[in-house]
Amino acid sequence: MIGLADCNNFYASCERVFNPRLKNEAVIVLSNNDGCVIARSNEAKKLGVRMGAPVFKIKDTISKYNINVFSTNFALYGDMSERVMNTLKSEVDEVEIYSIDEAFLNFSDFIDTDRAIHIKKKVKQWTGIPVSIGIAPTKSLAKIANHMAKKYTSNGIFIINNDSLADQILKKFPIEEVWGIGRRFGKKLSYFNIKTALEFKNANSKWIKKNFSVNGLRLQKELKGEICYPLESGYKSKKNICTSRSFSKEIKNFSHLSEIVSSFANNCAYKLRKQKSCCTKISVFLMTNRFKLNSPQYFPSITLNFDTPTNDSFEIVSRANKALFKIHNPKYSYKKAGVVVHNTSPESSIQTSLFDTIDRKKRQQIMKSMDLLNSKMGKNKIHLASGNFNRKWTFKREKLSPCYTTMFSDILKIQL
DNA sequence: TCTGGGGTCCTAGGACCC
DNA sequence: TCTGGGGTCCTAGGACCC
């Protein structure tokens with residue numbers, strides 16, 4: 001059996017852990033620039049706050065019901081996630097961290113619900129975060145079990161352990177809510193009169209493969225109880241690494257864009273070094289405001305290569321600026337920019353170039369020192385001079401909660 | 001006035017090889 | 001007049017996930 005532990009309303013729950021006043025109150029967490037809603041407590045969901053809703057459109061609801069609003073605090077959520085995962089690992093031998101708030105658990109030795117209840121209680125006690133656990137023979141079914149646990153149980157645990165129970169649930173489970181079926185596929189299936197998970201499970205396999213590729217076929221098998229997505233608990237390095245942001249105001253000025261792109265590129269290089277990878281390609285893109293329907297749109301992007309795989313900030317930042325220069329058109333104002341590095345490979349086995357002119361050993365030492373100082377003294381204590389210094393207005397986070405677990409200055413104070 | 005960020009996998013088609 | 005067969009690699013675009 002495979003278990004899926006999924007944190008309930010994760011970001012909202014994180015805010016609650018250090019702010020007990022919020023218990024039983026409506027809480028929402030906003031995206032970057034306080035733009036739209038990306039997490040809601042159950043109370044907020046009941047008030048009709050939709051996922052992804054732009055904040056300016058729900059201002060009335062927020063003030064009418066006194067909803068507690070937070071800017072995203074990824075330092076906090078990331079750290080809380082690590083605590084939850086470590087607690088799970090203390091109970092289960094094999095844990096696959098699937099996302100910031102979910103993990104698949106090897107439950108091959110699963111005996112009864114008591115074990116799941118114990119795990120759930122332990123996570124709550126050690127971290128303050130409520131989780132739900134779904135248990136089933138495959139990942140896809142565990143996803144459905146987790147959904148049931150959240151929606152219909154009081155203890156937050158649900159097990160699918162036999163075929164007739166599975167069919168009973170699949171019969172009422174809308175196909176577009178199944179893991180791997182998005183809006184497009186949902187619509188397409190509905191056109192062919194497949195509306196429930198059970199109808200999908202019983203559909204003709206050849207037809208599924210033809211219309212929904214091998215992934216559709218795998219999903220169908222998983223619903224039948226055959227494992228197609230095995231547990232993968234090992235560390236997997238990323239193949240693409242991206243840093244991108246929308247700005248709170250539109251930006252036209254090239255040198256300001258250059259500062260921003262430089263810090264994005266520097267961040268990508270840092271992430272590469274963190275996972276001990278190098279890249280051979282870098283893309284830079286710009287975007288005008290896609291919601292301004294009346295103004296002209298421009299979404300340029302470009303990809304440049306490195307002859308030698310690299311994770312050197314100097315090299316990556318300077319190539320990013322070259323790319324930016326090529327795509328920047330001063331006619332437009334931009335709302336978003338991003339840097340992506342791809343074609344990653346382990347830094348331990350890079351293919352060097354005959355014509356390389358860079359002293360890579362020396363550069364590596366510089367990067368190492370820079371990363372070490374920044375990890376000891378605080379993020380961006382040392383950075384390239386080309387980086388972005390106008391953070392204050394470029395990105396908006398007005399309702400930021402303290403970084404309770406990652407900054408000494410923000411540690412929770414308790415009055416006795 | 002105001003609308004997120006970071007990923008993966010698959011497929012088709014083009015360019016190339018012998 | 002007639003114009004093969006069997007591959008690989010890369011990219012763009014589309015779907016999905018959280």
Side-chain angles (χ1 to χ4, degrees), chain A residues 4-11 28-39 49-60 62 69-74 77-78 81 96-104 139-140 143 146-147 175-189 209-219 228-229 232 236-250 264 267-268 271-272 275 280-281 283 285 287-293 295 299 301-303 305 333 335-344 393 395-399:
Chain A
L4 173 64
D6 191 320
C7 301
N8 303 345
N9 316 322
F10 184 54
Y11 300 162
I28 58 174
V29 177
L30 308 182
S31 65
N32 188 31
N33 288 321
D34 298 341
C36 56
V37 179
I38 58 167
V49 178
R50 302 277 288 276
M51 187 68 168
V55 175
F56 72 92
K57 283 192 181 170
I58 57 163
K59 272 223 157 107
D60 293 346
I62 291 173
V69 180
F70 292 92
S71 302
T72 76
N73 184 344
F74 269 97
Y77 311 149
S81 168
E96 177 187 338
I97 298 171
Y98 177 67
S99 73
I100 194 163
D101 71 334
E102 285 174 68
F104 288 106
K139 282 183 176 174
S140 304
K143 274 271 184 188
N146 193 286
H147 190 96
I175 187 63
E176 67 270 14
E177 283 175 32
V178 174
W179 188 44
I181 303 294
R183 218 192 275 153
R184 294 288 175 111
F185 283 174
K187 252 190 193 162
K188 192 168 162 185
L189 283 162
K209 168 131 198 249
K210 199 177 149 203
N211 285 279
F212 301 91
S213 86
V214 292
N215 287 327
L217 194 62
R218 283 179 192 143
L219 173 62
C228 291
Y229 303 109
E232 295 176 60
K236 274 197 277 173
S237 58
K238 302 225 179 327
K239 296 172 179 172
N240 306 297
I241 290 174
C242 171
T243 302
S244 73
R245 293 280 178 287
S246 303
F247 319 131
S248 56
K249 293 177 194 165
E250 288 172 19
F264 289 178
N267 193 237
C268 286
K271 290 184 191 168
L272 277 170
Q275 69 162 28
T280 62
K281 285 174 191 292
S283 305
F285 65 85
M287 285 181 172
T288 48
N289 189 345
R290 65 196 167 107
F291 294 102
K292 263 193 181 171
L293 298 172
S295 48
F299 306 133
S301 83
I302 191 173
T303 302
N305 296 310
S333 296
K335 182 67 178 162
K336 184 175 180 175
V339 176
V340 191
V341 291
H342 20 206
N343 211 13
T344 61
W393 69 267
F395 311 112
K396 186 173 127 191
R397 283 205 292 183
E398 283 174 355
K399 316 252 179 176

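Labels below follow one simple rule: chain letters A, B, ... track the order of the sequence lines, proteins then strands, and each chain is numbered from 1.
- Across the protein-nucleic acid pair, Glu176(A) atom CD and dC16(C) atom C1' stand 15 Å apart, rounded to whole Å.
- You'll find the side chain of Val37(A) reaches within 4.5 Å of the side chain of Leu30(A), heavy atoms only.
- Atom-to-atom, CD1 of Ile175(A) to P of dC16(C) comes out at 12 Å; the value is rounded to the nearest Å.
- Residue contacts shown for Phe212(A) are absent, as no nucleic acid heavy atom lies under 4.0 Å away.
- Between Phe70(A) atom CZ and dG4(B) atom C1' the separation is 19 Å, expressed in whole Å.
- The side-chain heavy atoms of Asn146(A) and Glu102(A), taken from C-beta on, include no pair separated by under 4.5 Å.
- Secondary structure note: stems in DNA chain C built from 3 or more consecutive Watson-Crick or G-U wobble pairs under 3.5 Å occupy B:5-18 with C:5-18.
- In this structure, Phe185(A) reaches the sugar-phosphate backbone alone: every heavy-atom distance under 4.0 Å involves primed, P, OP1 or OP2 atoms, never a base.
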Decide yes or no on side chain to side chain contact (heavy atoms under 4.5 Å, CB included) for Ile62(A) and Val55(A), but give the supporting numbers first. CA-CA 9 Å; Ile62(A) 291 173; Val55(A) 175; 4.2 Å; yes
Polar atoms only, N or O, under 3.5 Å: list the protein pairs with nucleotides 6-11 of chain B and their distances.
from, atom 1, to, atom 2, distance (Å)
dG6(B), OP1, Arg245(A), NH1, 2.9
dG6(B), OP2, Ser244(A), N, 2.5
dG6(B), OP2, Ser244(A), O, 2.9
dG6(B), OP2, Ser244(A), OG, 2.8
dG7(B), OP2, Cys242(A), N, 2.5
dT8(B), OP1, Lys239(A), N, 2.9
dT8(B), OP2, Asn240(A), N, 3.4
dT8(B), OP2, Asn240(A), ND2, 2.9
dC9(B), OP2, Lys239(A), NZ, 2.9
dC10(B), OP1, Arg218(A), NH1, 2.8
dC10(B), OP1, Arg218(A), NH2, 3.3

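- Atom CZ of Phe74(A) and atom C1' of dC18(C) are 10 Å apart (whole Å).
- Of the inter-residue distances, the one linking Lys335(A) atom NZ with Ser295(A) atom OG reads 11.5 Å to the nearest 0.5 angstrom.
- Among the atoms of the strands shown, only primed sugar atoms or phosphate atoms (P, OP1, OP2) are found under 4.0 Å from some heavy atom of Lys335(A).
- Contacts of Val340(A) with the nucleic acid, taken as non-hydrogen atoms under 4.0 Å apart, are absent.
- Following rounding to the nearest Å, Tyr11(A) (OH) and dG4(B) (P) show an atom-to-atom distance of 15 Å.
- For Ile38(A), whose side chain is taken as the heavy atoms from C-beta onward, the closest listed nucleotide among dG4(B), dC18(C), dT3(B) is dG4(B).
- When the side-chain nitrogen and oxygen atoms of Lys143(A) are compared with OP1 and OP2 of dC18(C), one or more of them lie within a distance under 4.0 Å.
- Spacing between atom CZ of Arg183(A) and atom P of dC18(C) amounts to 14 Å, rounded to whole angstrom units.
- Checking the phosphate oxygens (OP1, OP2) of dG4(B), no side-chain nitrogen or oxygen of Arg397(A) falls inside 4.0 Å.
- Nearest to the side chain of Arg184(A), among dC16(C), dC18(C), dT3(B), sits dC16(C).
- Between Tyr98(A) and Lys143(A) there is a side-chain heavy-atom pair separated by less than 4.5 Å.
- You'll find the side chain of Phe212(A) reaches within 4.5 Å of the side chain of Leu189(A), heavy atoms only.
- Listed for the Ser31(A) side chain is a donor-acceptor partner under 3.5 Å among the backbone atoms of Cys36(A).
- In this structure, Lys210(A) places its NZ atom 17 Å from P of dA15(C), rounding to the nearest Å.
- Listed here is the closest heavy atom pair of Ile38(A) and Tyr11(A): CD1-CE1, 3.7 Å.
- Residue contacts for Asp34(A): at a heavy-atom cut-off of 4.0 Å it reaches no nucleic acid atom on any strand shown.
- Using a 4.0 Å heavy-atom criterion, one finds that Lys188(A) contacts no nucleic acid atom at all.
- Between Phe395(A) and Phe247(A), the ring-plane angle classifies as tilted under the 30° and 60° cut-offs.
- For Phe299(A), the side-chain contact (heavy atoms from CB on, under 4.5 Å) test picks out Met287(A), Thr288(A), Arg290(A), Gln297(A), with sequence neighbours left out.
- Regarding Met51(A), its CE atom lies at a distance of 12 Å from the C1' atom of dG5(B), rounded to whole Å.
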